[in-house]
Structures are given as structure tokens and as C-alpha cells.
Amino acid sequence: MMRNVWVLAEHTDGKLKRVTFELLTKGREICAAVGGTLCAVLIGSGVEGMAPDLQKWASKVWVVDQPSLENYTPDAYAKAMTTIFEKERPIMLLLAASSNGRDLAPKLAARFDGALASSCTDVVMDGGRLVGIRPVLGETAFVRVGFKSPLQIMTIRPNVIPVTEPENPSNGTVEKVDVTFDEKDLRTKVLEVTKAAGKVELTEASIIVSGGRGMGGPENFKILEELADVLGAAVGASRSAVDAGWRPHSEQVGQTGKVVNPTLYIACGISGAIQHLAGMKTSRWIVAINKDPEAPIFKLADFGIVANLFDVVPKLAEEIKTMKTD
Amino acid sequence: MNILVCMKQVPDTAIAIRLDAEQKSIDRSEITYVVNPFDEYAIEAGLQLKEKYGGEVTLVTMGPDRADEALRTGLAMGADKGVHISDPALEGSDTLVTAKVLAAAIKGLPYDIVLCGKVATDDNTGQVGPALAELLGIPHISGATTLEVDDDAKKATATREVEGGFMRMEVPIPAVITAEKDLNAPRYPSLPGIMKAKTKPVDKKDVASLGMDPSSVGLAGSKIQPMGMSLPPVREAGRIIEGEAEEAAKELARLLRAEVKIL
Amino acid sequence: METVMKDFYWVLWIASTITVAFFLYGVYRKWKLVKLGRKEERPGMCGTRIKALLSFGLIQRGTLREAFPGIFHSFIFWGFIVLAVGTSVVFMQEDLFVHLLFDELFLYGALALDVMGMVAIFGILMALFRRYVTKPKRLDNRREDAIVLVALLLILLTGYFVQGLRIATDDNMGPLCRTTAELTGEDILERCQDPLYSPVGHAFGGFFLAVGISGGLAYNIWFGMWWFHLALAFATVAYIPYSKLLHMIASPWNIFWKNTRPYGEIPSIDVETAETFGVSKIEEFTQKQLLDLYACTRCGRCQDACPASTTDKPLSPKKLLQDLRDHLDEVGPKLVGLKEDKRDEVERPPIPGEVVKDDEIWACTTCMACQEACPVLEEVLDKIVDMRRNLVLMESRFPQELMQFFQNMERNFNPWPIGWDTRADWAEGLDIKTMADSRADTLLWIGCVASFDDRNKRVSTAVAKILKKAGVRFSILGTEEKCCGETLRRVGNEYQAQMLMKENVEILKKYGVKRIITPCPHCFNTFKNEYPQFGGEYEVWHHTEFIDKLVRDGKIKLKRTLDKRSAYHDSCYLGRHNDIYDQPRSILKGVSKRGLSEFERTKNKSFCCGAGGGRMWLEENIGKRINEERTQEALDLKLSLVATACPYCLTMFEDGLKAKDAVESVKVKDVAELVSESLGL
């Protein structure tokens with residue numbers, strides 16, 4: 001039996017997403033450990049052009065390129081996978097723990113009776129077995145899970161695996177698969193796809209830049225907005241900043257405002273009253289910038305800078321901008 | 001309209017998690033159990049559908065005896081009855097087994113729509129909804145931030161958030177819809193509701209009564225095997241980045257890339 | 001002349017019968033409306049009740065708390081009391097032939113009537129001046145206000161006219177004089193002609209004579225005036241139950257039935273077997289609560305004292321009572337006579353939401369300033385809590401912030417989404433024993449805010465250190481402590497509140513706790529006044545009380561270390577709720593080098609910090625911020641330190657000072673922190 005590891009490519013606007021390469025990096029690692037080969041699956045409409053990028057990594061690229069696949073629907077994508085699986089099956093299928101990956105993976109697991117580990121932050125070899133590591137209980141703990149199935153499926157979180165380009169790019173083959181969709185596969189209709197209009201919703205944001213009384217006035221939030229733009233973050237505010245009328249109540253983080261749970265929370269000029277902490281303390285990472293070294297927020301922050309935020313924030317935005325363009 | 005809501009009892013995550021002696025699971029002795037927050041949105045969505053179209057809301061849960069409390073909470077909100085699948089053999093079931101068990105229970109019930117939370121806050125898999133739909137042979141939309149159901153046209157329309165935007169989808173019903181946070185504002189149970197919930201019917205089911213083989217469920221039937229649990233390294237809170245503002249900003253940017261890994 | 005009138009007495013009898021009938025019918029109608037309410041036990045304490053009646057009724061203690069309105073009301077009140085007594089005596093002597101005044105007594109009686117009539121007129125003029133010239137904001141003018149004042153004024157004036165005209169007709173003998181003379185002898189007649197005993201009457205008489213009204217003309221006018229006077233008086237009496245004058249009956253009755261339970265206690269309700277909770281229909285109030293509605297005269301003192309009203313929130317205690325009263329007047333008659341199960345068929349708006357808007361109900365800080373200001377001992381707080389109970393327990397309708405609050409309380413027994421397992425973290429490293437480690441009679445109960453809030457943790461630490469220094473053996477409950485239920489109760493979630501209260505009673509029973517010391521006035525009030533409802537009887541001390549006792553007993557010696565211009569901010573739940581004003585002040589005087597200033601609104605008139613009644617956990621989106629108002633008061637006084645004794649007050653002042661950019665110039669500290677500094681701990 002072929003010990004293949006497959007990666008389902010994620011793409012947007014005709015380009016492979018970064019997470020695809022993260023998955024390929026991990027897939028290559030697993031192949032090396034279990035002695036398998038790495039394959040990629042590319043599904044969509046007008047996606048064939050992306051195949052060459054995958055060929056560098058994978059020894060085989062399965063391509064399903066049909067108009068019915070223009071937008072992701074679980075039914076049609078599952079049908080495409082099913083059609084490929086009829087030809088060949090991997091021992092492991094890696095998907096991104098994105099909204100679509102997390103939607104499709106359980107459907108495939110149920111269809112093929114596979115073992116699925118969701119939202120893994122890592123995959124390691126443990127005594128010759130593959131073990132997925134995944135956060136549970138609101139990331140307050142991590143579990144290690146093993147697989148007991150000929151089909152192992154895993155969704156991996158974006159941004160946790162550093163991409164390393166293949167040293168010797170393979171020149172994999174491309175196999176195009178034709179899928180016949182029946183009515184049942186097309187029962188889910190996509191009515192509309194809208195781009196999020198710039199502003200990131202506070203409760204949905206994975207990064208939040210938040211300002212408090214230390215901002216000194218409404219006009220100064222401009223520097224937070226600039227930092228937020230660079231980071232793709234949402235802007236929040238403490239109760240006192242909202243009370244002072246500097247920001248709308250919809251941006252208030254805290255006990256009586258929004259309770260948020262981002263990956264990164266940057267608190268600027270926020271002292272950290274319990275009212276505020278109640279709304280953001282479960283953030284994965286907390287950064288505090290405040291000129292008062294006694295501010296309680298520092299007790300909670302992973303990183304603190306005791307300085308004038310008006311010196312720090314613009315510089316930080318600038319630094320990040322340079323990093324991003326690098 | 002027959003509305004099914006699948007729900008789960010989960011530990012409240014406010015208190016610090018401790019591990020049990022074998023480091024395999026959490027120490028459950030001091031845990032407060034609550035209804036999975038995402039399921040509350042599903043229950044609310046179900047109740048709103050009932051208000052619009054009439055019919056019944058039935059809650060389905062799988063879990064030990066204590067899960068009855070969670071059912072009662074949902075019943076107090078206004079659901080009509082419950083199905084509680086409880087069996088020692090189910091201990092250790094992975095999410096796919098859970099979906100199979102729920103599917104077995106649901107196949108015996110009339111339904112026009114099945115609602116679930118997008119994800120349970122304890123095991124964080126988000127698998128039950130889509131897997132359940134597959135097993136029932138019906139479509140699904142996961143992570144709905146809006147939901148409209150047209151019982152006459154037999155279709156459901158929902159918006160789900162995808163990276164960088166939103167996708168509005170339509171499926172014929174019956175279908176499984178999983179609820180994202182803020183789909184609605186779950187109601188607070190009234191006191192008469194709480195009192196009435198105590199006597200609302202809950203149908204107890206075990207593995208045998210679902211016609212399932214005990215070896216196909218529980219740890220034995222699961223394809224995902226827990227190997228152990230660990231706590232994240234204790235965060236070194238209060239780490240102050242020294243230096244002048246400019247230097248500190250530079251160092252922070254570096255840390256955001258190296259440790260927080262967001263860049 | 002008066003004897004002439006005897007021919008017409010049959011008219012008077014008919015008129016007075018009609019008057020009395022109107023009056024009684026009106027009172028009966030109101031009585032029936034009040035009786036729609038639920039029965040309420042207000043047992044015993046007759047002595048206290050009569051004392052209240054004398055002091056708040058006869059002596060007008062309530063109204064006299066404010067000078068101008070107090071004085072004019074007392075003038076009118078006492079004036080009419082004397083006039084009513086005098087008129088009754090005339091009636092008794094003239095018509096019933098019961099002789100009451102002998103010898104000279106009637107002369108003084110006559111003098112009293114004469115003078116008090118003038119006093120009452122003066123009072124009415126003051127009232128008119130205030131109501132229609134200075135027009136304080138708290139008064140709303142209705143037509144009945146004008147009618148009542150003008151009618152009373154006219155009754156008094158026409159009374160003097162009658163007397164003056166009688167004198168002008170050269171008949172100086174008033175009815176009191178005559179009936180007394182008839183029974184005592186003619187010689188008294190001489191002296192009752194003496195202007196000394198009816199100076200005002202004679203002045204009017206002199207006036208009429210001076211303008212040439214005398215003899216037959218005077219008689220004719222007198223005749224008409226006499227009838228007019230009587231008609232007006234009868235009409236006014238008949239008008240009593242149909243107007244604000246009803247307070248003449250309802251207010252004393254209300255004062256008599258005053259609450260003799262602890263001021264800070266909210267009555268319990270049965271949450272297990274009842275079918276409805278709180279109040280959404282008027283008949284769900286108690287009879288006493290409905291009586292309150294008729295006892296209110298719309299004086300508006302409550303509104304001036306209310307932190308919600310004065311910061312432009314929609315709540316006004318006065319308006320609330322009046323709205324409920326209007327509703328009772330409108331809906332009540334349809335309910336009277338209906339069997340209880342038929343009442344639901346009467347269509348009417350629900351009280352919370354329609355009669356009293358949600359924003360009004362949620363604006364209350366339960367500070368009790370309204371009740372403290374009320375001259376007729378109205379109870380407002382219980383009504384608001386009853387309406388909140390209905391909204392929360394029946395309708396599940398409340399400000400969305402409370403959802404999170406309820407959830408946190410249910411899961412972690414504190415208001416925040418913070419694990420209950422960290423409740424005792426503040427005590428780490430302080431070598432404080434928990435009850436589980438070392439049982440003690442005395443429990444230091446910390447309360448939620450001082451357990452979890454960083455700023456307030458310094459207060460709990462200070463209290464613990466002081467107790468240790470004084471050698472008090474105490475323990476804490478540690479993570480076994482749960483919220484006392486105070487706020488839950490006051491936001492209407494009686495079900496959750498009682499669950500916590502009962503659980504706490506159990507745990508305290510387990511450890512045999514006899515004495516509780518707490519740094520939180522809210523916990524203090526609840527333990528002291530409400531836990532007995534659930535079998536929890538303890539000796540409860542607020543830390544300021546206990547520290548004061550430690551100082552008096554010589555267990556600790558305070559040093560004067562505080563060198564700042566400072567004042568004490570009274571916590572509502574210590575002061576108005578529990579009458580603790582002196583102990584914190586006494587401590588502060590002991591630590592201060594510069595004595596103690598006082599807020600302008602202080603002691604029982606203290607202005608709430610804005611956090612009570614659940615407001616701490618709600619957004620304050622309407623009007624000005626209560627805490628900033630109070631902070632401004634501190635800034636106006638140029639204080640550099642505000643001393644508090646409540647974790648809520650401390651938090652609200654901290655926030656207020658931040659909002660006013662005054663954190664540098666003004667500090668806020670709990671009394672215990674200042675004591676701790678004074679002791680060098």
C-alpha cells in the first residue's frame with residue numbers, strides 16, 4: 001500500500017494561500033518520517049494554473065477544475081474528493097484549519113470513516129506513531145491524539161508551521177480528474193460572496209489593538225487605527241475611553257462591553273481595571289503599553305512596555321510594516 | 001416544524017484547568033459544567049423557529065447523567081423535550097462516534113431542521129455538525145452568523161464567515177445548521193420556565209436502544225485515541241521589554257514574529 | 001345674627017349630609033382600590049407606630065427637614081388642625097349641646113382660631129408664591145394644586161370676612177362665644193367682645209367699617225358671605241378623597257403603617273411554588289404599597305434627592321408613584337368586585353414596560369435617598385425591586401450586560417468571568433487561615449469586589465492586617481466563599497440570589513460561624529438584615545464599626561498620619577440603610593492631623609456613588625454620570641483625599657477621578673487603608 005500524504009490546497013483569487021505551503025512543509029516532514037510520498041489536491045474552477053507551484057513540492061498533483069467548483073460547498077468538494085479517492089487513497093490527508101477546511105474535513109471523515117484530528121497546532125512522531133497536538137478548553141490545555149484508522153485526516157492551524165521551501169523541488173505529475181456532479185452534490189447553493197469591508201469585527205478579530213484613557217483624546221486613536229491596519233486588526237477601547245466619548249460603545253471591550261478572545265491583544269494606555277480584564281483576559285497573547293509601571297495590566301501581559309505610547313505605537317506600526325514587506 | 005437541537009455539556013473554562021493524576025484528562029472534581037455556549041445560540045435559533053412556524057423543539061444530547069442539567073437549561077429556555085443518550089459504553093467516544101450516536105438517535109425522530117453549535121468549547125473539534133449531516137444524508141451549513149428558514153419553500157439560508165469575507169448559502173431542508181457566536185441573543189430562562197423544565201419529558205436512550213454495537217462506540221470504537229494532555233507553559237506574565245521607546249517597539253515587533261507568530 | 005341662621009340649619013344638615021356622603025363615598029372607593037392589593041403582614045409595634053404618627057404627623061418632622069416648604073406646610077397643617085378643632089367644638093356645643101369650653105378657655109380658643117387662621121393664610125401664600133413664582137423644578141403643577149390652595153385660602157379669607165362683617169353689623173358675638181355664654185353665663189359675653197381675643201377678626205371688622213360697610217349692608221353681605229364660606233368649606237371637604245387632599249387621610253395612615261423591619265431589608269418571595277413573581281399587575285402590589293400611592297402629595301423631595309433624577313435619567317420616584325397611582329385609578333375600578341381569576345380578563349398594560357418604563361426601573365441605585373427624604377414615609381425601593389423581579393424572573397427582559405453577570409454568578413459565584421478558584425488569591429502570603437484549616441468564631445467575609453478587584457484587594461489586605469494586629473482570631477472562607485447575593489436580589493434575580501444565600505447559610509453553619517466582619521457594606525446589609533430570612537443569624541459588623549470598637553477598646557492605637565484635606569463619603573448601605581454614620585468618622589478623626597471636612601450632601605443626605613442596585617454592572621448611557629457628579633462635589637470642596645468604606649464607592653470614585661483628570665490631585669482610600677497606614681502596617 002502506498003503510504004501517501006495528501007495536502008488539500010487552499011487558494012484564493014487564483015493564488016495558493018500561505019497555509020498551503022505550511023501544510024506541504026508539514027506533509028513533507030511526515031512523509032520523511034513514515035516513508036511516504038507527498039501529493040497535493042487542487043480543487044476549484046480555473047485553478048489549473050496553480051498546479052505548477054504545487055508540483056515543486058508534491059510528486060503528484062490531483063486537479064479537479066470544473067465550473068461547479070467555483071465556490072466552496074461541502075457537497076461538491078466532498079464529491080470531488082470522493083471521485084479522487086475512488087482512484088487512490090492516502091494514509092493521511094492534511095487540510096487547513098480554515099473555515100472551509102474545518103467544514104470539509106468532518107464530512108470526509110464521516111464519509112470514509114476516517115480518524116480526524118481538528119485544528120492541530122503540530123504533528124509529531126511519537127514512538128513511530130503520528131500524534132496530533134491540539135488545543136482544547138479554550139486553549140487552556142493541549143491534548144495529544146493518536147489515530148486508529150487507515151485514513152488519518154488532520155486540519156492544521158494556519159500560521160503555526162514555518163514554511164521551508166523544498167531543497168530539491170520535485171517535478172510532480174499532474175492528474176486531472178473529471179467529476180460528474182449529480183443533483184445531490186449541487187443542492188447547496190452559494191448565493192453571494194462578500195468581502196469583509198475593511199473593518200474587522202471586534203468579536204471575530206484575531207488581533208485587537210485597544211486604547212484607553214491614556215490615549216488622551218479621540219484624535220489620538222488615529223495611531224491605533226494605523227497599527228490595526230498594518231496588523232489586520234480590529235480597534236477596541238476601554239470603558240473610560242468610551243465613557244469619555246472618544247470611541248463608540250460598539251468598540252468597548254470589557255464586562256459591560258464585548259468579551260473578546262483574540263490571539264493577540266495590544267492594550268495601549270489601558271490601566272487594566274477588572275471591568276476591562278473581564279472582557280479580554282482570555283486573549284492568547286497580551287501586550288501592554290502604558291507609561292505607568294504600576295498599571296495592573298502589566299501583571300497579565302505577556303509583554304509590557306513602560307513608555308509613552310505615542311512614541312511606541314507609531315514605531316511598532318512602522319517596524320511591522322517593514323517586516324511584512326520583507 | 002420539528003426542530004432538533006444537538007447540544008453538549010462542557011466545563012466552564014473560567015477556572016484554571018488542572019490535570020488528573022495520569023495526565024490524560026482534566027481533573028473534573030472542581031469543574032462547573034455549563035451548556036456549550038455555541039449550543040445556546042442553536043437553542044435560541046430553534047426557539048425562534050418554533051415561534052415563527054410552531055411545532056416542537058427537541059434537544060438531543062449525549063453525555064453522562066450530569067448532562068441532564070444541561071438539557072434542563074435548554075428546556076428552561078423553552079425547548080419542549082429532550083433525548084438524553086447516556087451509557088457507560090460511550091465513555092471516550094471521539095467526535096465521529098458522537099456524530100454516529102446522535103445520528104442513530106435522530107433517525108428515529110421526525111425533523112425538519114437540525115441545529116448545532118459550531119464547535120464545543122471543550123474539545124474544540126467542530127466536527128459533529130458536518131459529520132452528522134453526512135451521516136443523515138442531508139446538507140449542512142456550518143458557522144451560521146445569520147439564519148433564515150423558509151418552511152414553506154423548504155429551504156434555509158445562512159451566512160457563514162470565511163477568511164476575508166462572508167458567504168451566503170442556501171440549502172434545502174432538512175439540513176444541519178451550526179451556529180456561530182452572535183447568531184442571536186440567547187434568552188435567559190424565566191423562573192416559571194425553570195420550574196416547568198423540571199418536569200418536561202426527557203427520553204433516556206442507551207447504546208442498545210439505538211441498535212448500536214457497544215464495541216462500535218466509546219474508546220473502543222473511536223479512531224482518535226487520546227494519548228495525554230498537557231498544560232501550556234505557564235505564561236511569564238509581566239515581562240517588561242526594557243529600553244527606549246524605539247528600541248522596545250523594535251523588540252516587540254521581533255517578539256510578535258518569533259513568539260506570537262502572527263507576522 | 002347667628003341665631004337667625006338657626007332657621008336655616010335644616011339646609012346645613014342636608015348640605016353636610018351630602019358632603020359627608022360624597023366624602024365617605026370617595027374614601028370608600030379609594031379604600032376598595034387599596035384593598036385590591038395583596039395582604040401584607042406588618043405586625044405589632046403599636047408604640048413605634050403611634051410615635052411615628054406623632055412625630056411625622058403632628059410635629060411635621062418629615063416636612064420640616066426642609067425649611068421653606070416645611071414651614072409653610074406646617075403653618076397650613078397646624079392652622080387647619082386648630083380651625084378644625086374649633087369648628088368641631090362649635091358643632092358639638094351648638095348642635096349636639098355637648099359643652100366643652102368653660103369659663104375663659106373659650107377666649108383662648110377664640111384667640112387661637114383667630115391667630116391660626118392667619119398663620120394658615122400666611123402658609124398658603126408662601127405655598128402659592130413657591131408654586132407659581134419661584135417654581136422649583138421638582139414641582140409639577142396640576143389644576144388640583146391651584147384649586148386646593150385657592151379653596152383653602154378662600155375658606156380662610158371668607159371666614160375672616162364673615163367675622164369682620166359680623167363685627168361691622170355690631171354683633172360681636174361669634175358662635176363659640178355664644179354657645180359658651182349660653183352655658184356659662186352672660187358675664188363672659190363682655191369679654192368676648194374684646195378685640196384682644198380676636199384681633200384679626202376685629203381688624204377685618206374695622207376695615208369694613210372704614211370702607212363704609214356697616215349695619216344692614218354689612219348684614220346682607222355677611223349673609224351671603226356666610227353661605228359662601230360654608231359652601232366652600234363643604235365642597236372642599238367633599239373634594240378631599242378626589243384630590244391631593246386625600247393625603248390628609250392617606251399620609252397619616254401610611255405613616256402609621258410604616259415599615260418597622262430593618263430599613264435595608266428586601267422582603268423575600270417564594271421562588272419554589274409561586275406561579276408568578278414580582279409585579280406586573282397593580283393588584284400584585286401589597287395593600288401597603290398601594291396605600292403609598294395615595295399618600296404621596298407630589299412634593300418632589302424624593303426627586304431632588306434621587307441620584308438618577310438629578311443626573312437626567314428617566315427615573316423620578318415621584319413620577320413613578322404618580323404613574324402607578326394614575327394607573328390604579330384607571331384600572332382599579334374595573335377590578336373591584338371581580339373574582340381573582342376574572343381579573344386577568346381585564347385588558348390593561350403591564351406595569352413594567354408600559355406604566356413604568358424599563359429605563360426607569362433599571363436606573364435605580366437603591367440608595368434610599370428618596371425614602372429618606374419623603375415626609376410621609378413612602379416606600380419606593382421595594383416597588384422597583386418587585387418590578388425588576390417580574391422583568392427578570394417572568395419576562396427575561398433586562399439590560400444585556402446582566403446576562404453576562406448572571407452567567408458569571410451561576411458559574412463562578414462572582415460578577416466576573418473569573419474562576420471561583422482564584423477567589424482567595426488576594427490572601428496569598430498574608431498568613432491568613434481559612435475556615436477549613438482553622439475554624440474560628442469570627443469570619444472575615446471579603447465579598448466579591450475586595451476578593452477580585454486589584455484596587456480593592458488592598459482594602460481586604462488592610463482589614464486583615466488590622467485584625468491581626470489587634471489580635472482578633474478570625475478565618476476566611478477562601479474559595480468556599482460565594483457572592484452574598486445582594487446585587488442579584490436588587491436586580492430582581494431572586495431565584496439565583498436565594499440559591500447563593502442558602503448555600504452560604506449552609507457553609508457558615510458547617511463552620512459554626514457566629515460573628516461576621518466584612519469590608520463590604522452590601523454584604524454587611526445582606527448578612528445583617530436579609531440572611532435571617534433563611535435562618536442565618538449572625539453578629540454582623542462592618543469593618544469600620546469593628547475597627548472603631550477596637551480603637552475604643554484600646555486594642556489598637558491610631559496615630560495621626562493623615563495630613564490631607566479629607567472628607568468621608570457615606571456609603572448608602574452603611575448610612576441610610578443601617579444608620580452607621582459616626583464610626584467611620586470617629587476613626588478618621590483619629591488618624592487625621594487636620595480634622596475632617598464634610599461633603600455638602602452628607603450623612604443621610606449623602607449622594608450615591610452610582611454603583612448600588614446592580615448599577616455597578618450596568619452601562620450608564622443616559623444623562624450625566626452619577627459618580628462624576630459626586631466626584632465633582634469632592635473637587636469643588638478642594639479635597640485631596642476622599643475616604644470611603646465601600647468597595648463600590650471606591651471603584652466609582654477611582655473612575656470618577658480618572659474621568660475628571662484628577663487622579664494626581666485627589667486620592668481615594670478606604671478607611672481601613674488609612675488605619676493600616678496609621679498603624680504602620
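Just so it is clear: chains get the letters A, B, ... in the order the sequence lines come, proteins before strands, and each one is counted from 1.
Among Pro139(B), Ala131(B), Ala249(B), the residue making the largest number of heavy-atom pairs under 4.5 Å with chain A is Pro139(B). Counting heavy-atom pairs under 4.5 Å between each of Arg254(B), Lys181(B), His140(B) and chain A puts His140(B) at the top. Among Ala141(A), Pro314(A), Ala105(A), the residue with the largest count of heavy-atom pairs under 4.5 Å with chain B is Ala141(A). Comparing Leu252(B), Val119(B), Val162(B), Ile26(B) by heavy-atom pairs within less than 4.5 Å of chain A, the highest count is held by Leu252(B). Each of Ser230(B), Pro172(B), Ser142(B) has some count of heavy-atom pairs under 4.5 Å with chain A, and the biggest count is that of Ser230(B). Of all the listed residues (Ser99(A), Ser149(A), Ala97(A)), the one sharing the greatest number of non-hydrogen pairs under 4.5 Å with chain B is Ser99(A). Options Gly243(B), Ala103(B), Gly129(B), Gly137(B) differ in how many heavy-atom pairs under 4.5 Å they form with chain A, and the most are formed by Gly137(B).
Heavy atoms of Leu132(B) lying under 4.5 Å from chain A are absent altogether. Both the backbone and the side chain of Glu259(B) come within less than 4.5 Å of a heavy atom of chain A. Contacts between Leu264(A) and chain B at a heavy-atom distance below 4.5 Å involve the side chain alone, from C-beta outward. Residue contact with chain A, scored on non-hydrogen atoms closer than 4.5 Å, involves the backbone and the side chain of Ala248(B) alike. With a 4.5 angstrom heavy-atom cutoff, Val143(A) touches chain B via backbone and side-chain atoms both. If you measure heavy-atom distances from Asp94(B) to chain A, you find no contacts under 4.5 Å at all. Using a 4.5 Å cut-off between heavy atoms, Leu19(B) makes no contact with chain A at all. For Val313(A), no part lies under 4.5 angstrom from a heavy atom of chain B. Of the atoms belonging to Ser222(B), it is backbone heavy atoms, and not side-chain ones, that fall under 4.5 Å from chain A. Both the backbone and the side chain of Asn100(A) come within contact range of chain B, each with at least one heavy atom under 4.5 Å from a heavy atom of that chain. Of the two parts of Leu96(B), only the side chain, counted from C-beta on, holds a non-hydrogen atom closer than 4.5 Å to a non-hydrogen atom of chain A.
A donor-acceptor pair under 3.5 Å links the side-chain atoms of Thr178(B) to the main chain of Gly143(B), judged by distance alone. With hydrogens and angles ignored, the 3.5 Å screen pairs no side-chain donor or acceptor of Arg129(A) with any backbone N or O of Asp126(A). When atom types are taken as modelled, the side chain of Asp185(A) and the backbone of Ala76(A) share no donor-acceptor pair closer than 3.5 angstrom.
Heavy-atom contacts from other residues, nucleotides or ligands closer than 6.0 Å to NZ of Lys148(A) number more than 12.
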